[in-house]
Amino acid sequence: MHCGACCAHFRVSFYWAEALENGLPEAWYEALTPTLACMQGTNSPSPRCAALEGEVGHAVRCRVYAQRTSPCRQVLAGDEQCRKARTSHGLPPAVHPLTSH
Ligand code: SF4
């Protein structure tokens, strides 16, 4: 991964059972509501997922890539969410619209 802007822009929330289904360790997420959880670090005015390693827009790595939940799998490079996140980091729009982050 070389972007990571969406991992440092949105609150990354999901139905809590997804974490169990995906084998995501508890240390990486927190309860948000009785049914929702979110990635540690993303429920903040300046969100940045605790699992994101590296520098946004240069070289990043997801420490839980294989266990990541649905919101992480849904953002596509070049889609609206991607554009919003990249703009917030001062990055130009992504080039490949069908490449997942
Ligand atoms: S779990 Fe990985 S892909 Fe999802 S927001 Fe965090 S760093 Fe990004």
Side-chain angles (χ1 to χ4, degrees):
M1 287 165 58
H2 61 271
C3 180
C6 58
C7 310
H9 182 70
F10 299 107
R11 185 176 70 193
V12 181
S13 58
F14 48 87
Y15 177 56
W16 69 272
E18 265 195 59
L20 301 182
E21 289 163 9
N22 291 10
L24 182 66
E26 270 183 48
W28 294 111
Y29 63 94
E30 62 183 289
L32 193 58
T33 72
T35 55
L36 292 176
C38 70
M39 290 303 292
Q40 291 283 4
T42 68
N43 189 23
S44 150
S46 299
R48 180 181 165 114
C49 180
L52 183 68
E53 194 176 87
E55 190 182 344
V56 170
H58 295 281
V60 293
R61 187 178 80 88
C62 172
R63 294 182 178 100
V64 295
Y65 191 77
Q67 292 87 29
R68 72 199 193 286
T69 55
S70 56
C72 306
R73 297 169 190 267
Q74 287 164 358
V75 177
L76 297 177
D79 73 9
E80 190 181 336
Q81 285 189 306
C82 170
R83 281 197 299 277
K84 276 186 195 167
R86 285 180 62 87
T87 297
S88 78
H89 286 276
L91 298 167
V95 178
H96 305 293
L98 296 178
T99 306
S100 66
H101 78 294

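A donor-acceptor pair under 3.5 Å is absent between the side-chain atoms of Asn22 and the main chain of Leu24, judged by distance alone.
Criterion: ILVMFWY side-chain heavy atoms under 4.5 Å apart, direct or through other members. Under it, Val75 and Val12 are not part of a common hydrophobic cluster. Linking Ile, Leu, Val, Met, Phe, Trp and Tyr whenever their side-chain heavy atoms come within less than 4.5 Å puts Val60 and Tyr65 in one cluster.
Here Leu32 is tied into one hydrophobic group with Leu36, each link being a pair of ILVMFWY side chains closer than 4.5 Å.
A distance of 8.0 Å separates SG of Cys6 from CD of Gln81, quoted to the nearest 0.5 Å.
Among residues two or more places apart in sequence or in another chain, the side chain to side chain donor-acceptor pair (under 3.5 Å) test is passed with Ser88 by His9. Listed by chain and number, the residues in a salt bridge (Lys or Arg N to Asp or Glu O under 4.0 Å) with Glu80 are Lys84 (sequence neighbours excluded). Legend: residues meeting side-chain contact (heavy atoms from CB on, under 4.5 Å) with Ala8, ordered by chain and number and at least two apart, are Arg48, Leu52, Val56, His89. With sequence neighbours left out, Ser46 forms a side-chain contact (heavy atoms from CB on, under 4.5 Å) with Ser44. Taking Ala59 as the reference, nothing meets the side-chain contact (heavy atoms from CB on, under 4.5 Å) condition, with sequence neighbours excluded. The side chain to side chain donor-acceptor pair (under 3.5 Å) test applied to Arg63 returns Glu53, not counting sequence neighbours. For Gln67, the side chain to side chain donor-acceptor pair (under 3.5 Å) criterion is met by no residue, not counting sequence neighbours.
Among all heavy-atom pairs drawn from Ala94 and Gly78, the shortest one is CB-N, 3.7 Å. Closest approach of Ala85 and Phe10 over heavy atoms only: CB-CE1, 3.9 Å.
Listed by first and then second residue, the salt bridge (Lys or Arg N to Asp or Glu O under 4.0 Å) pairs involving residues 7-35 amount to none (not counting sequence neighbours).
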